[in-house]
Each structure stands twice: as structure tokens, then as C-alpha cells.
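Labels below follow one simple rule: chain letters A, B, ... track the order of the sequence lines, proteins then strands, and each chain is numbered from 1. As a basis for the values below, the full set of heavy atoms in this structure was taken, side chains included, without hydrogen atoms, waters or symmetry mates.
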Amino acid sequence: MKRKGICLLLTLMLFFCFVSPVSADTAFFTDETGRPSPEELYSLNDEAERIAEEYFCGVYGYIVGDYETYNSESVYEAAKTIYQINDLGVGEDHDGVLLLLSMEERDYALIAYGDFANGTFTDAGKDYMADVFLSSFGNDDWYGGFLDYLEVSEEMVAAEISGTSADVYEGSDDGSVIVSVLIILLVPCGIALLICLLLRRGMKTARKKYTAEEYISGEKVEVTVREDHFSHMTQVRTPIPKSDGTSIDIGGFSGKSGKF
Amino acid sequence: MPFERIPADASSKMPDDYMDSIEPFDYSELRPFSMAYLPGYLADKYDVSMEESSHRAGERAKNTAEELLRRDAAAGYMSCTPVSRNVQIHRGRVQYALLPVWLLTTKWNGENFLFAMNGQTGKLIGDLPVSKGRFWGLFAGIALPLMILTALLVLL
């Protein structure tokens with residue numbers, strides 16, 4: 001009986017050691033400021049663990065008091081430091097995405113690491129994610145914001161695995177077809193009409209004259225004195241277009257940061 | 001800036017744009033007027049006043065002066081925007097002259113077409129008739145291949 005009990009206990013220990021290799025010593029959500037409650041944190045960790053096991057990509061969240069504790073350069077660099085010192089990420093490539101909130105000045109950084117994660121969470125994708133969860137953090141809804149973050153991360157990872165892109169609006173397929181049809185119809189018609197009207201204009205040769213340069217007698221007037229007076233300067237700024245890909249730095253990270 | 005002998009059409013029946021378009025005339029051939037030039041021809045007397053004619057000629061002179069000054073002032077700059085203008089015209093004499101012009105009117109498809117020729121240089125101007133069928137045919141001939149090309153570019 002005693003021997004059976006020991007065997008059962010050993011079996012159970014072995015079972016829990018092998019069942020969730022991702023979950024051993026991995027805290028997906030860490031909070032240094034006591035903002036989400038322990039139950040909320042537990043729930044977020046559960047959900048993140050599920051995503052990591054299903055998609056082999058870690059989704060991490062960190063709330064810190066002041067990011068300068070980790071790296072004083074910027075919140076983005078601090079997020080990278082946290083990712084590296086905690087050895088975050090799933091698999092050989094350490095694929096994962098980390099959302100860092102720094103409460104001191106309300107800064108955030110959203111970074112991705114690993115080929116799969118960088119390919120999934122593109123620059124446009126991170127903008128899309130930020131649009132989803134930032135408003136919740138702006139209203140101090142920490143649990144809601146992180147839930148949104150988990151949801152949209154799972155959505156993007158699932159879309160990447162299935163071969164579709166999650167950071168495109170649902171209606172864009174219809175919109176792009178209509179735009180294509182309009183371009184195919186209108187642009188050639190516009191060019192053809194312009195050419196025909198120019199040719200037709202050439203058929204009309206009678207035009208009123210508004211100048212009389214041929215009737216200047218003697219020498220033409222020359223401007224001999226000219227003064228320049230500075231009146232104003234016009235500055236033209238052109239926005240740099242956003243790329244469809246991911247801008248990856250030399251450390252292998254990609255990310256964005258801002259205020260929430 | 002002196003101008004000399006700017007012509008202005010003094011007959012309201014003659015379209016100004018036609019008369020302007022057949023310029024210039026060679027004034028070295030000018031002769032003093034004589035009634036001997038008119039027998040055998042129907043002649044209309046001028047019906048545009050001297051003030052109106054000289055005003056028109058003055059406007060052309062003014063525009064020319066502005067244009068030449070703008071060209072000089074804007075040299076070396078990408079654009080020139082006039083802030084204010086002050087051009088004064090000192091009018092000289094206004095004289096009437098008979099200049100040789102051939103006119104031809106014809107009708108086609110219910111529309112009248114006028115052609116004018118400079119009697120000295122032979123310069124001919126006029127509005128040529130436009131066939132609507134050929135216009136739209138040319139339009140289709142240009143638009144359709146372009147549509148096919150655009151479709152290939154967009155879809156590929």
C-alpha cells in the first residue's frame with residue numbers, strides 16, 4: 001500500500017514535469033506595481049500560457065514603476081533588456097512579443113523578437129495592436145488592456161499561421177476591388193479624353209492676342225536696379241510612408257513605443 | 001517702353017480673335033489712303049470708336065510691359081508673384097488703316113465656318129470642323145488599349 005502510494009506520487013510528479021514545458025518557471029505577466037489584482041494576473045498568465053503552448057510564441061506583459069531601472073536610454077531599450085535578462089520567448093528562436101508599461105511617465109514599449117514573431121508583428125501590425133489596447137490603459141483599465149493585448153496577439157499569430165494578414169481591415173478586399181476597377185476605367189478614359197481635347201484644340205487656330213511684343217519700337221526696357229527683400233519662407237514637409245514590413249534592429253528586436 | 005502701330009480691329013463685324021491671329025502685317029507697304037482703292041468693292045465703314053480701339057491696343061501694350069518686366073525680375077528665381085502693379089500708358093496718335101484680309105465663310109452640317117487669310121503673307125486661320133464620330137472613335141481607340149494595359153498592370 002505504501003509502495004503503491006509512493007509510485008503514484010512519483011508518477012504524478014513526472015506527469016507535471018512533462019505536461020507543460022512552456023509553463024515551468026515562465027511568468028508571462030509580471031507586475032511590480034500591484035495594479036492588476038493577483039487573480040487578474042493569474043488569469044492573464046493562464047491565457048498567455050495557453051497561447052504559447054498552442055502557437056509556440058510567447059505573449060508577455062510587464063508593468064514596472066520606472067523603466068530606467070532596467071535601461072535609462074529609452075523605454076524601448078528597457079523592454080529589450082527585460083526580454084533578454086528574463087530569457088523570454090518560446091522555442092529555439094525565442095519568439096515572443098512583450099508589452100512593457102512604465103508607470104512613472106506612462107510610457108509603453110511593444111517589442112517582438114524572433115523570426116516568427118517579427119514576421120507576425122509587423123510595424124503596421126504593432127500600430128494596429130496599439131490602437132486596440134492603448135485606450136484601455138489610458139483609462140487605467142490594466143486587466144482589460146492586457147486582455148485586449150492577448151486577444152489581438154492571438155488573432156495575429158493565428159492569422160500568420162493560417163497565411164492571412166490580421167492587420168488589414170475586413171472590408172479592404174471589397175474596397176481594393178472597387179478601387180482597381182475605378183483605376184482601370186477612369187485613368188485610361190482620362191488620358192484618352194485629354195489627348196482628344198488637345199488634338200481638337202489644334203483644329204481651332206483663331207485666338208485673341210493679349211500682348212504686342214512684335215510692336216515694340218526701339219530698344220526694349222532693361223531692369224538695371226534690382227533689390228531683394230525677404231518676406232517669408234515656406235517649408236514643405238512630406239510624411240515618410242509606412243512600410244508594410246518589420247523594421248528589425250541589429251539586436252533582432254522590432255518595436256514601437258509611446259505614451260498611454 | 002515704346003510701342004508702334006499696334007493694330008486693333010475697327011469693325012465689329014470682324015471677329016477680333018481672327019484679326020489678331022493673322023497678324024503681323026508688313027507696314028513698310030503702307031500707302032496714303034485713296035478712294036481709288038475702293039471702286040468695284042463693297043466697303044463697310046469702321047464702327048469701333050478710336051477710344052475703344054486705343055484702349056484695346058493699350059491693354060496689349062500694358063500686358064507686354066508687365067510680361068517683359070516679370071521675365072527680367074524673375075530671372076534666377078523659380079517663381080515670381082506680383083504683389084502690386086502700376087503701369088502708365090502715354091497714348092500717341094491713333095490712325096485708321098485698311099489692311100488686306102481675305103475672308104471665306106462656308107457651311108457644313110448646319111454649322112458656319114469662317115476662315116481668314118492675311119492678304120500679304122498668306123497666313124490662313126480658322127476653326128476646322130470636327131467630326132464627332134472620329135472624335136469618339138479616336139477616344140475609344142486610345143482608351144480601350146490603355147484599359148487593357150492598366151488592367152494587366154493592376155491585376156499582376
Side-chain angles (χ1 to χ4, degrees), chain A residues 168 171-238 244, chain B residues 1-7 15-24 27 57-69 71-73 75-77 83 114-116 123-130 134-136 138-155:
Chain A
V168 173
S172 69
D173 279 348
D174 294 338
S176 67
V177 167
I178 293 169
V179 168
S180 300
V181 167
L182 284 174
I183 290 171
I184 290 168
L185 288 177
L186 294 180
V187 170
C189 286
I191 294 170
L193 189 65
L194 184 68
I195 292 170
C196 290
L197 288 175
L198 282 172
L199 288 171
R200 196 174 83 165
R201 193 168 181 265
M203 306 276 276
K204 294 182 187 303
T205 52
R207 284 187 184 85
K208 210 166 182 177
K209 281 197 176 176
Y210 296 96
T211 57
E213 210 168 320
E214 309 87 39
Y215 302 99
I216 295 174
S217 66
E219 284 182 18
K220 289 184 187 178
V221 170
E222 265 187 50
V223 174
T224 54
V225 176
R226 181 161 50 183
E227 281 180 13
D228 290 340
H229 296 275
F230 179 79
S231 64
H232 66 278
M233 183 174 69
T234 305
Q235 196 177 57
V236 175
R237 289 184 182 210
T238 311
D244 289 337
Chain B
M1 196 179 290
F3 291 85
E4 208 174 75
R5 292 179 174 167
I6 301 174
D16 288 350
D17 49 352
Y18 278 70
M19 295 303 107
D20 288 352
S21 299
I22 58 172
E23 289 176 20
Y27 293 133
E59 282 302 304
R60 285 179 67 175
K62 187 177 156 191
N63 292 336
T64 303
E66 276 181 33
E67 184 56 35
L68 290 175
L69 266 172
R71 262 188 245 165
D72 263 348
Y77 292 93
V83 174
L114 174 67
F115 298 92
K123 185 178 177 184
L124 176 69
I125 54 96
D127 288 348
L128 293 169
V130 174
R134 285 195 179 187
F135 178 88
W136 292 113
L138 181 65
F139 173 83
I142 297 171
L144 285 172
L146 277 178
M147 275 187 206
I148 294 167
L149 192 64
T150 312
L152 287 171
L153 285 169
V154 167
L155 296 172

Cation-pi check for A:Tyr210 against B:Arg60: NZ or CZ below 6.0 Å from the six-membered ring centre and within 45 degrees of the axis, yes or no?
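Judged by the rule, B:Arg60 and A:Tyr210 form no cation-pi pair.
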Measure A:Ile195 against the heavy atoms of chain B and call it side chain, backbone, both or neither at under 4.5 Å.
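It is the side chain, since no backbone atom gets that close.
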Which bit of A:Leu186 is near chain B, if near means a heavy-atom gap under 4.5 Å: side chain, backbone, both or neither?
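Looking at A:Leu186, nothing touches chain B.
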Should we count CZ of A:Arg200 as having more than 12 external heavy atoms under 6.0 Å?
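Incorrect, the count does not exceed 12.
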A:Lys209, NZ: over 12 other non-hydrogen atoms inside 6.0 angstrom:
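Atom NZ in A:Lys209 is crowded, with more than 12 foreign heavy atoms closer than 6.0 Å.
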Between chain A and each of [options], count heavy-atom pairs under 4.5 Å; write down the option with the most.
{"options": "B:Glu23, B:Glu59, B:Arg5", "result": "B:Glu23"}
{"options": "B:Phe135, B:Trp136, B:Tyr18", "result": "B:Phe135"}
{"options": "B:Ala151, B:Ser21, B:Gly141", "result": "B:Ser21"}
{"options": "B:Ile22, B:Leu114, B:Asp16, B:Leu128", "result": "B:Leu128"}
{"options": "B:Leu146, B:Leu149, B:Ile148", "result": "B:Leu146"}

Straight-line distance of B:Ile142 CD1 to B:Met147 CE, nearest 0.5 Å
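Rounded to the nearest 0.5 Å, the CD1-CE separation comes to 12.0 Å.
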Do NZ/NE/NH1/NH2 and the carboxylate oxygens of B:Arg71 and A:Glu213 come within less than 4.0 Å?
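Here B:Arg71 pairs with A:Glu213 in a salt bridge, since their nearest N and O are under 4.0 Å apart.
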Going through the distances and angles, do B:Phe115 and A:Thr205 end up as a side chain to side chain contact (heavy atoms under 4.5 Å, CB included)?
CA-CA 10 Å; B:Phe115 298 92; A:Thr205 52; over 6 Å; no
Select one option (side chain, backbone, both, neither) describing which atoms of B:Glu67 are under 4.5 Å from chain A's heavy atoms.
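No part of B:Glu67 comes within 4.5 Å of chain A.
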Please classify the contact of B:Pro129 with chain A as side chain, backbone, both or neither, using a heavy-atom distance under 4.5 Å.
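Answer is backbone: N, CA, C or O of B:Pro129 sit under 4.5 Å from chain A.
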Test item: B:Thr64 side-chain N/O and A:Ala212 main-chain N/O as donor-acceptor pair under 3.5 Å
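Confirmed, B:Thr64 side chain pairs with A:Ala212 backbone.
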